[in-house]
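Reviewing the structure listed below.
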Amino acid sequence: MTATVTNDESVPGNVTVPFTREGETVTTRTVSVGPNERTTVSATVELTETGQRRVGAGDQSASVFVESASQTNAPGFGAPAAVAAIGGALAWRRLRSSR
């Protein structure tokens with residue numbers, strides 16, 4: 001999850017953002033924000049049960065539906081490698097078609 005923190009004051013400040021699952025804080029992140037600036041802060045909130053779940057950051061929350069909560073430690077591509085492979089293939093295709 002990612003949250004955007006805005007400081008509308010004229011002095012720098014620190015903000016601690018709670019990240020929640022089903023209304024319970026699972027982790028917090030503290031971030032420094034300069035005067036009249038904004039920054040993002042992120043944390044991973046695991047959802048291990050299927051069905052409708054509520055997650056949040058700070059005073060904002062959202063409902064998400066977890067279709068499959070299976071976890072595996074098996075080696076393999078995984079989502080990041082798959083996205084990188086697709087991006088690489090598209091870039092290669094674009095390069096070849098421009099020649």
For Val55, run the side-chain contact (heavy atoms from CB on, under 4.5 Å) check against Thr20, Val26, Val45 and tell me which one passes. Val45
Would you list the pairs meeting side chain to side chain donor-acceptor pair (under 3.5 Å) in which at least one residue belongs to residues 2-14, sequence neighbours left out? Asn14-Ser32
Is there a side-chain contact between Glu67 and Thr50 in this structure, where contact means two heavy atoms from C-beta onward sitting under 4.5 Å apart? no
Please find the pair of heavy atoms, one from Thr28 and one from Pro18, that lie closest to each other, and give the distance. CG2-CA, 3.9 Å
Can you give each donor-acceptor pair under 3.5 Å made by side-chain atoms of residues 34-43, sequence neighbours left out, with the distance rounded to 0.1 Å?
none

Glu22 side-chain N/O to Arg54 backbone N/O, donor-acceptor pair under 3.5 Å: yes
Side-chain heavy-atom pair Thr30, Val15 within 4.5 angstrom cut-off: no
Residue pair Val17 / Ala3: nearest heavy atoms and the distance that separates them: CG1-CB, 4.5 Å
What's the verdict on side-chain contact (heavy atoms from CB on, under 4.5 Å) for Phe65 and Arg53, showing C-alpha distance, side-chain angles and the deciding distance? CA-CA 6 Å; Phe65 185 80; Arg53 299 289 168 242; over 6 Å; no
Interatomic distance, OG@Ser61 vs CE@Met1, rounded to 0.5 Å, equals 8.5 Å
Kindly check if the number of other-residue, nucleotide or ligand heavy atoms within 6.0 Å of CD (Gln52) is above 12? yes
